[in-house]
Amino acid sequence: MTDFQRPRGTRDFPPEEMEQRRIVEDGLRKVARSFNFGEVMTPTFENTELFVAKSGPGIIDEIYAFKDKGDREISLRPELTAAVMRYYVKELHTRPKPLKLYYMGNCFRYERPQKGRYREFWQFGAEIIGAPSLDADAEVLALAYYSVKNLGLNNTVMRIGHLGVLNKFIEELGVSESMKVEVRRMIDKRDFESLRTLPDGAGAKQDVTNRLIELVSLDGGSETLEKAKKLMDGDDISLKELKKLLNILEKYGITDYKLDFGVARGLDYYTGMVFEIDAPNLGAEKQICGGGAYSLSETFGGQPISSTGFAFGFDRLMLARSQDEEELSKLDVYFIPISDDARMKCLEMVTEIRNNGISADIDLLGRKVGKAFGYADTIGAKTAIVIGDKELAEEKVMVKDMATGDQTPINFSELLKHYQN
RNA sequence: GCCGGGGUGGGGUAGUGGUUAUCCUAGGGGCCUGUGGAGCCCCCGUCCCGGGUUCAAUUCUCGGUCCCGGCCCCA
């Protein structure tokens, strides 16, 4: 016998899980719409060069890249931002600014699967394009913040940083360009040990190194700003910006964040504010959201334009909230016809009820009544209806409450009304 | 790419170098020909793949593959 397996790192989702996923998805959509973001969708695959342009040729090793039958270099998208920016540059750039977009879709990466990491996964993201302001940064942060809150994920931490602050320090270190990239990586990894060796190996200034380590070790709310100020000797523009941003966030009702200058995001197209949201209960892959202010349009051949955005790891959101299971929706009514004539009548009633937004199902196996009730019970139907020739003659059905076992006679004409209450 | 732990019906498991591989559960049917949740009975369905050792491998061994956790990476 041939054993057909799922490709590695992919998943099947049963109805119960899909219901949960749709609840989360609907919740995210709802919040995004309430912020006046509009949804866009882009292709599942793109020309490989798009992702190379954004992330460099090394990316090819980590994504599903292949040649199609026309010898074109194609890749399954490893993320959604590149495609959205491509779309913006080619077609949406004449739209009134600011452009507020959101999107959700499956993405693919050729990676070793582990908890919260799959080869096919889903992202939900949002961008504000063309609003080069702290107000846009705050609006995006607020969307991410309230999306998480709305899902009931209370055990999460939003960490906000600023690359302007970080980069100033890195510049002052006085190390080579390649070393700067390395330093950023160390900071992102919280690798303080390696940072400490910078003065020896890479010739970084000892004093700056010390202050840099102190900076990225800071951990706290808005009061942390003062500590950072002292480390920077004087009023830094980025720091002032950050202060303004935090003031704005307060108006959004957001104060339970952490300032973290170690949020480096590992990418050089980020320009200012950057942030991440963690769900600490997820283990190694605990980051559920990442984003910030960036400039990417020019990479795809457009005019430079300021943007701010983020992406949620949808599957990680699901993992993070999986502890509090919600009750699944139950079938409203299960029809059990006993004769062929009764079945015909049932179909009319089933259709009428379904057309009024009430869920209804009907026995398709011709089971005996006892078995059919057993099935109705197993699937958790709220009520069941048996119809035979007797009921047909009286134009009545017996509606049985599956929880209590009570039966109520209802006229055919009253049936819909009964369920609408 | 690397490290560790795993893989026995759909799900969960027991067990073994050799007759018919255990039990639970789920699914289908019957006892019960118009009323569910219990019980009893029947049916369905399994040793991840390949090489090696052996008279004989689900068992031992090697490789692969997939799953779980971690490293690397994380656009």
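Model, not experiment: these values are computed from the prediction. So you know, we letter chains A, B, ... as the sequences are listed, proteins then strands, and number each from 1.
To the nearest angstrom, P of C68(B) lies 7 Å from OH of Y118(A). Rounded to whole Å, the distance from CG on D191(A) to P on C72(B) is 9 Å. In this structure, NZ of K286(A) is placed 16 Å from P of G69(B), rounded to the nearest angstrom. As a whole-Å value, the separation of M186(A) CE from C73(B) P is 11 Å. Atom CG in D61(A) sits about 13 Å away from atom P in C74(B), given to the nearest Å. C73(B) atom C1' lies 13 Å from atom CZ of F121(A), rounded to whole Å. A straight line from CZ of F373(A) to P of U35(B) spans 9 Å, rounded to a whole angstrom. Remark: P of C67(B) and CD of E111(A) are 14 Å apart, rounded to the nearest angstrom.
Aromatic ring centres of Y64(A) and F66(A): separated by at least 6.0 Å. Remark: aromatic rings of F169(A) and F261(A) are distant, center separation not under 6.0 Å.
A side-chain hydrogen bond (donor to acceptor under 3.5 Å, both in side chains) check over residues 288-307 of chain A, counting only residues at least two apart or in different chains, returns the pairs E127(A)-Y294(A), S295(A)-E298(A). Pairs engaging residues 107-120 of chain A under the side-chain hydrogen bond (donor to acceptor under 3.5 Å, both in side chains) rule: N106(A)-E120(A) [sequence neighbours left out].
Using a 4.0 Å heavy-atom distance criterion, T81(A) is classed as making no nucleic acid contact. Contacts of Q287(A) with the nucleic acid, taken as non-hydrogen atoms under 4.0 Å apart, are absent. Counting non-hydrogen atoms under 4.0 angstrom, R185(A) reaches the backbone sugars and phosphates but no base.
Comparing the same atom, P, in C74(B) and in G6(B) gives a spacing of 32 Å after rounding to whole Å. Across G4(B) and G12(B), the matching P atoms stand 25 Å from one another, rounded to whole Å. Of the C1' atoms belonging to A14(B) and U46(B), the separation is 13 Å, rounded to the nearest Å. Atom C1' of G30(B) sits at a distance of 25 Å from the matching atom of G11(B), rounded to the whole Å. Separation of the C1' atoms belonging to C62(B) and A57(B) is 14 Å when rounded to the nearest angstrom. One P atom belongs to G9(B), the other to C23(B), and the distance between them is 16 Å to the nearest Å. Here the separation of U33(B) from G50(B), taken at their P atoms, is 49 Å to the nearest Å. A distance of about 34 Å separates the P atoms of C31(B) and C47(B), rounded to the whole Å.
In the set G27(B), C67(B), C73(B), the nucleotide with an atom closest to the side chain of R112(A) is C67(B). Comparing G30(B), G70(B), G36(B) by their nearest atom to the side chain of K115(A) picks out G70(B).
Across all their heavy atoms, E391(A) and F412(A) have their closest contact at O-CZ, 4.0 Å. Taking every heavy atom of both residues into account, I277(A) and T156(A) meet most closely at CG2-CB, 4.0 Å.
A donor-acceptor contact under 3.5 angstrom links the side-chain atoms of R117(A) to the base of C73(B). Below the 3.5 angstrom threshold, one finds a donor paired with an acceptor across the side chain of K400(A) and the base of G36(B). The base of G34(B) lies close enough to the side chain of E391(A) for a donor and an acceptor atom to sit less than 3.5 Å apart.
Looking at K100(A), its side chain does come within 3.5 Å of a backbone N or O of F35(A) through a donor-acceptor pair. Listed for the D363(A) side chain is a donor-acceptor partner under 3.5 Å among the backbone atoms of G366(A).
Taking 4.0 angstrom as the limit, R109(A) places none of its side-chain polar atoms (N or O) nearer than this to OP1 or OP2 of C74(B). Side-chain N/O atoms of K189(A) include one lying less than 4.0 angstrom from OP1 or OP2 on C73(B). A sub-4.0 Å separation between OP1 or OP2 of G70(B) and a side-chain N or O of Q114(A) is present.
Pairing partner, C55(B): G18(B), with both Watson-Crick or wobble hydrogen-bond distances short of 3.5 Å. In this structure, C66(B) and G6(B) make a Watson-Crick or G-U wobble pair, each of the two defining distances being under 3.5 angstrom. Here G1(B) sits opposite C71(B) as a Watson-Crick or G-U wobble pair (both hydrogen-bonding atom distances under 3.5 Å).
Two residues are said to be in side-chain contact when any heavy atoms from C-beta on lie closer than 4.5 Å; I385(A) and I410(A) fail this criterion. You'll find the side chain of I336(A) stays beyond 4.5 Å of the side chain of R367(A), heavy atoms only. Within the 4.5 Å cutoff, no side-chain heavy atoms of E25(A) are placed close to those of F124(A). Two residues are said to be in side-chain contact when any heavy atoms from C-beta on lie closer than 4.5 Å; L101(A) and L92(A) meet this criterion. Side-chain contact between N411(A) and E395(A) is absent, with no heavy atoms from C-beta onward closer than 4.5 Å.
Both G9(A) and G374(A) lie near RNA chain B, and the one whose nearest nucleotide falls closer to the 5' end is G374(A). Comparing I63(A) and Q407(A), the nucleotide of RNA chain B nearest to each residue sits closer to the 5' end for Q407(A).
For the segment residues 361-369 of chain A, residues with any heavy atom less than 4.0 angstrom from an atom of RNA chain B are, sorted by number, R367(A), K368(A), V369(A). Within residues 289-308 of chain A, no residue approaches RNA chain B, by heavy-atom distance under 4.0 Å.
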Taking only N/O atoms, report every protein-nucleotides 6-10 of chain B pair under 3.5 Å with atom names and distance.
none

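K168(A) pairs by the side chain to side chain contact (heavy atoms under 4.5 Å, CB included) definition with E172(A), M232(A), D236(A), not counting sequence neighbours.
Heavy-atom contacts from other residues, nucleotides or ligands closer than 6.0 Å to CE of M41(A) number 12 or fewer.
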